[in-house]
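To start, the structure itself, in structure tokens.
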There are 2 protein chains.
Amino acid sequence: MSPVAAEPNGAPPRRPRGRPGHDRDSVLRRAIDLFNQRGYDATSIGDLAQDLGVTKSAIYHHVDSKETLLSLALDEALDGLSAAVAGALEADDSAYERLRSTVEASVRILATHLPAVTLLLRVRGNGPVEQAALARRRLIDEQLATLVKDAVAEGSLRSDTDPELISRLVFGMVNSLVDWFHPGGAISADELATTVTSVLFDGLVVRR
Amino acid sequence: MSPVAAEPNGAPPRRPRGRPGHDRDSVLRRAIDLFNQRGYDATSIGDLAQDLGVTKSAIYHHVDSKETLLSLALDEALDGLSAAVAGALEADDSAYERLRSTVEASVRILATHLPAVTLLLRVRGNGPVEQAALARRRLIDEQLATLVKDAVAEGSLRSDTDPELISRLVFGMVNSLVDWFHPGGAISADELATTVTSVLFDGLVVRR
DNA sequence: CCTACCGATCGGTAGG
DNA sequence: CCTACCGATCGGTAGG
């Protein structure tokens, strides 16, 4: 017999006790937004509580430290980017095509997880949580650099420039999207992904 | 007669009174570095004082607020970038060539005033000083967008992509340099400027 | 017995 | 350039 008392079977889960309130994820979403607006250090739990219309203590009901919020956000971004890169890497294709789809997939992740990725890209390594995130990010960057190197070796990309530098420039352009892109604006995530990829690989200049 | 007491004529300026200590500019340089390392809000005047080996009050001898340090730094970056753009804009040349030299000049300013430009690019608009800097930055961005638009209209750049978007991508790549470039490292500011410009305008891909 | 939350306050530290 | 402080606010926790 169920330990839960009589409930009409199949009924949607109700909120039996307590206030309507927030859950862990909605607290996290607001926290990420505030961290991005004012910076992590400049955002107090009190600010977050005020924004959500609850007390500070209510925040600590959902999450046990401010750093946990940061950690959850950075993991979201890193998990998304890792998956995107891993997916594009394992394709049975030329290095050029794998690089091209990695760029496109990265832009998509960046656009769909924009707040979390924005936070990740602003992390400077203060404290253990940020340092762990930077370490994971470095691993991804190394995979990207290797992919670029393969594309150069294959003869697809110009060989007069250090592959490491090319990689930094390419993903520098990709990452700069967080500074202005707004989902739901004039340009969609799909358009953005294909346009950025084309500008990088098909070029900017009209050739005669 | 000079108010300063007897000093052998032609001697290099000595430090007549007080401790050896720092001057306003050396305080500013350290402040910019710390702001970039930990973030402006996370850096206290106490941190800066400790780093310089003086007390907090000693800082306030050279500058009358933490915001003043921020303001001086942001003006340095904005003055440099404005001058670079203005110089390249007034050349009697095609829009394409003016854009190309603007990109190159921007990279040079970014490399030579790296700490100040880094700080500028991380400003989020908290407080009046940051908002004023963002306003000045927007003016520069508008000049850049106009220049890209002219180059598209002239037929030099691809016309299937919004000039505004092209401008954001181009200067997104340029600005991303602050995330990894270190003066005095393996690559010089000159090399960086020509390589970034070439990657953007000559393309990444080997064409047959 | 649970989820969701409150009013008040802790020991320390911020910019000035 | 220092000692001695201020008003306020920080992240986090108590009992209910």
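Keep in mind that what you see is a predicted model, and the values were worked out from it rather than measured. No hydrogens, no waters, no symmetry mates; every other heavy atom, side chains included, goes into these values.
In the region residues 37-50 of chain A, proximity to DNA chain C at under 4.0 angstrom, judged on heavy atoms, holds for none of the residues.
Side chain of Lys66(A), nearest nucleotide from dG11(D), dC2(D), dC6(C): dG11(D). Picking from dG12(D), dC1(D), dG16(C) the nucleotide with the shortest atom distance to the side chain of Ser65(A) gives dG12(D). The listed nucleotides are dC6(C), dT3(D), dG16(C); the one nearest the side chain of Ser57(B) is dT3(D).
Between the CG atom of Asp64(A) and the C1' atom of dT13(D) there is a distance of 12 Å, rounded to whole Å. Between the CG atom of Leu70(B) and the P atom of dG15(C) there is a distance of 13 Å, given to the nearest Å. To the nearest angstrom, C1' of dG16(C) lies 13 Å from CG of Leu69(B).
OP1 or OP2 of dT13(D) has not a single side-chain nitrogen or oxygen of Tyr60(A) nearer than 4.0 Å. A sub-4.0 Å separation between OP1 or OP2 of dC5(C) and a side-chain N or O of Thr55(A) is absent. The side chain of His62(B) contributes an N or O atom lying less than 4.0 Å from OP1 or OP2 of dC1(D).
We find the CG-CG distance between Asp179(B) and Asn175(A) to be 8.0 Å, quoted to the nearest 0.5 Å.
Only one option out of Val27(B), Asp64(B), Ile32(B) pairs with Leu69(B) in a side chain to side chain contact (heavy atoms under 4.5 Å, CB included); it is Val27(B). Remark: of the listed residues Val174(B), Thr197(B), Ile187(B), Ile187(B) is the sole one forming a side chain to side chain contact (heavy atoms under 4.5 Å, CB included) with Leu192(B).
Separating the P atom of dA8(C) from that of dG12(D) is a span of 22 Å, rounded to the nearest Å. For the C1' atoms, the distance from dG16(D) to dA4(C) is 13 Å, rounded to whole Å.
Annotation for Gln50(A): atom CD does not count as buried by contact number, only 12 or fewer foreign heavy atoms lying within 6.0 Å.
With salt bridges taken as basic N to acidic carboxylate O contacts below 4.0 Å, one links Arg29(A) and Asp25(A). Ion pairing between a basic and an acidic side chain is recognised when a charged N comes within 4.0 Å of a carboxylate O; Glu104(A) and Arg108(A) show such pairing.
Between the side chain of Lys56(B) and the base of dG16(C) there is at least one donor-acceptor pair of N/O atoms closer than 3.5 Å.
Of all non-hydrogen atoms in Ile166(B) and Arg158(B), the two that sit nearest each other are CD1-O, 3.8 Å.
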